[in-house]
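Accompanying notes for the structure given below.
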2 protein chains.
Amino acid sequence: MSTTIEDVAKAAQVSVATVSRALRGLPNVAPSTRERVVAVAARLDYVADPTASRLAGGRRMVLGLVVPMLGQWYYAKLFSGVEAVATVAGYDVLPFTTSGPGGSERFVASLPFRKRVDGLILADAPFDDEQFAAVAGTGIPIVSLGSFLPGVWGIAVDNAAAARLAVGHLTGLGHTRIALIGGIPDDPFRFSVPVDRYNGYQDALAAAGLSGDPALVVPGNFSAEGGAEAMHKLLAAPTPPSAVFACSDEMAIGAIQVARDAGLDVPGDLSVIGIDDHDISAYVGLTTIRQDVTGQGERVAHLLLERLEGESDAKADVHEPHPTRLVVRRTTGPPADVAARPRTLDRTVT
Amino acid sequence: MSTTIEDVAKAAQVSVATVSRALRGLPNVAPSTRERVVAVAARLDYVADPTASRLAGGRRMVLGLVVPMLGQWYYAKLFSGVEAVATVAGYDVLPFTTSGPGGSERFVASLPFRKRVDGLILADAPFDDEQFAAVAGTGIPIVSLGSFLPGVWGIAVDNAAAARLAVGHLTGLGHTRIALIGGIPDDPFRFSVPVDRYNGYQDALAAAGLSGDPALVVPGNFSAEGGAEAMHKLLAAPTPPSAVFACSDEMAIGAIQVARDAGLDVPGDLSVIGIDDHDISAYVGLTTIRQDVTGQGERVAHLLLERLEGESDAKADVHEPHPTRLVVRRTTGPPADVAARPRTLDRTVT
DNA sequence: CAGCACCCTGCAAGCGCTTTCACCCTGTGT
DNA sequence: ACACAGGGTGAAAGCGCTTGCAGGGTGCTG
């Protein structure tokens, strides 16, 4: 079939052991020998069979990435970042999805990553305590992305702070009826991005002396479609909001569309802010909280590699925050009543 | 370490061979034996080590997916579709990117998929003839997505037809100065999505009795940013277009933003149509040509599996077209001069 | 009742590599 | 000149599974 290490050994007049060592840059190979082996390998077009190396070496050289789904902007960017770093380090990355048929139940029941990965990146995995314990119980090194888990290295943005930043921007503009489009805040999940953002939202309202209105908190499924549905609900509320904080840009865009279809001017009649800074947000003028998703993917991959290759246990948990930043564009502005009397804006805010 | 097939064999009082057969559903295992083995395996929480099976079985159980990059909407959707089908069939999917550092040169020089995949899906891979020959020369079964290659099974939308549909929509509305934002039409690549769309664009212009203006054809890099840059160029043209056909929705959105910033009304002063029907296109009101990317991914994965598992050589090339459809929303309309005298629209078109 | 199929099962040889261990051959110190 | 350290190399034992082959039962035919 294709050339094996034995072919190279024969051609270079050395043993397979020496070929293995020479090609992998291990010590204890005479420079002249190495040179010859490398040359022969190149001539024969030899590459080591990763399957065999993995079996013999005991290391899978695979990083598992657990995400709700592929195909959504956030997870695609994440994958991209993880993949870039993993590839350079010689690892493959194997995605596992937890939404779709069976969802996390199926995932936890089958633990499909067993014997397939050296380590696992858990990104927004919707596991409850028991499910998480099952995953962790496999003994496979885990790092998390999105929220911090006790005993698990991870990186995440400060979601509560990001939400406060977003809502603070709105209260700062003078808004008092601010809606939240986000996940269901009472999910029993360990990964609590929606919860954190909800809390940040409430905090920011309180900080501005506002009392939240439960009617203004609706789920949005983190998709444009969900954002649109959410906006429909908000517009049907007894007293609709003058501003919306959507927990993702896609939801924000869906919401804006519905608002405009309903004849509202954005930002004249309704301000909308998102989170992410999606690739196209700049091109629809969406005000948002930027987070660098690809960068987070790269970082979390490094973190996992560090755990796998380093003397990990020596160190304490790594819980590394990732920065976010307010990007003001053209979907937020003062509420209509305040805009009418701009001079008093400052006092109105207070 | 973890439980191996031998542990199961011992516990079930059979040989490892029998365990292997029983667990994989092979024939020639007594029902009672199989039952016992399955029970023991379940009790011991046994799963076969894929690395070992692969080595022994000679099949990698991996599908390679070659794309320019991950992280872009189109490729993320594609990956998602491929992954879904592959997973069900027991295959992993391993992505390879051809853009980024080194580009396709690096890819072709290292042929990183060697000994790692059973088959390859080439999606919009920017290879010239020689490079493609190098990839095909590895003897690994290949299917293509995006364009048809001689001797290679593949699926693709009819890009020329899609472009004709888009441009035909614009000429039908009465536009006569229609720009194209797309790839560089003279790339020497085998994968000719931009070329096909360019040709379709020219065809549609000709069919409407219009002569193309080279100044109205600009590259756009298939990103919102590229679309924006392209639009800047178009607006600076001696005679700017009244309509734009962008070869992707992301470029279309970037272009619209720039046009509106320049004070143009879309679609009043400028019509814009894209291709893809990106998830958020519906929510920015973009008129576009829809293609089902996830569905194409599923289909092409099936096709590859069929090639791998079937008696493939018996059949002729499979070149399977995938449907597209015009979705009219709110970024296209008659040109300003025609809109002013709607009664004569039909004759103006002719 | 002999003879033959046919089932079911186990043995053992790999799959292509990594890694331990032992060995040999230099070069150095005394 | 002799012992010793240590770098360079090869033989061989796996890694955990799949599969070809052979063997032992069982049931059926003539």
Determine: side-chain N/O of [X] to OP1/OP2 of [N], distance under 4.0 Å, yes or no.
X       : N      : value
B/Thr33 : C/dT9  : yes
A/Ser15 : D/dT9  : no
A/Thr18 : D/dG10 : yes
B/Arg24 : D/dT18 : yes

What is the distance, rounded to the nearest whole Å, between atom [atom1] of [X] and atom [atom2] of [N]?
X       : N      : atom1 : atom2 : value
A/Leu23 : D/dT9  : CG    : P     : 14 Å
B/Asp7  : D/dC17 : CG    : P     : 9 Å
B/Arg60 : C/dC15 : CZ    : P     : 13 Å
B/Glu6  : C/dC11 : CD    : P     : 11 Å
A/Leu55 : C/dT19 : CG    : P     : 12 Å
A/Asn28 : C/dT19 : CG    : C1'   : 13 Å
A/Ile5  : D/dG14 : CD1   : P     : 19 Å
B/Arg54 : D/dT19 : CZ    : P     : 14 Å

Taking only Lys NZ, Arg NE, NH1 and NH2, and the carboxylate oxygens of Asp or Glu, determine whether B/Lys77 and B/Asp292 approach each other closer than 4.0 Å.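 Looking at B/Lys77 and B/Asp292, the cut-off is not met.
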Does this structure show an ion pair linking A/Arg116 with B/Asp92, if we count only N-O contacts that are shorter than 4.0 Å?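 Judged by the 4.0 Å cut-off on N to carboxylate O distance, A/Arg116 and B/Asp92 do form a salt bridge.
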Closer to the 5' end of DNA chain C via nearest nucleotide, is it B/Gln13 or B/Lys115?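 On the 5' side of the pair lies B/Gln13.
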Toward the 5' end of DNA chain C, by each residue's nearest nucleotide, B/Ala52 or B/Val29: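 Comparing both residues, the 5'-ward one is B/Val29.
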So how far is it from A/Leu23 CG to A/Ile5 CD1, rounded to the nearest 0.5 Å?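 It is 7.0 Å, given to the nearest 0.5 Å.
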Can you tell me how far CD1 of A/Ile140 sits from CZ of A/Arg60, rounded to the nearest 0.5 angstrom?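 Spacing of CZ (A/Arg60) from CD1 (A/Ile140) equals 9.0 Å.
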I need the full list of ring pair (Phe, Tyr, Trp, His ring centres under 6.0 Å) pairs touching residues 32-80 of chain B, with sequence neighbours left out, sorted by first then second residue.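 Every ring pair (Phe, Tyr, Trp, His ring centres under 6.0 Å) pair that includes a residue of residues 32-80 of chain B, provided the two are not neighbours, is A/Phe79-B/Phe79, B/Trp73-B/His278.
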Using a distance-only criterion (donor-acceptor N/O pair, under 3.5 Å, no hydrogens), is the base of D/dG10 paired with the side chain of A/Arg21?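 Counting by modelled atom types and ignoring angles, a donor-acceptor contact under 3.5 Å is found here.
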Which is true for A/Ala48 with a 4.0 Å heavy-atom rule: it touches a base, it touches only sugar-phosphate, or it touches nothing?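 Sugar-phosphate only.
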Any base atoms under 4.0 Å from A/Gly57, or only sugar-phosphate, or nothing? Heavy atoms, all strands.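 Sugar-phosphate contact only.
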Does A/Val16 or A/Ala30 map to a spot on DNA chain D nearer the 5' end, using the closest nucleotide for each?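 Looking at the nearest nucleotide for each, A/Ala30 comes out on the 5' side.
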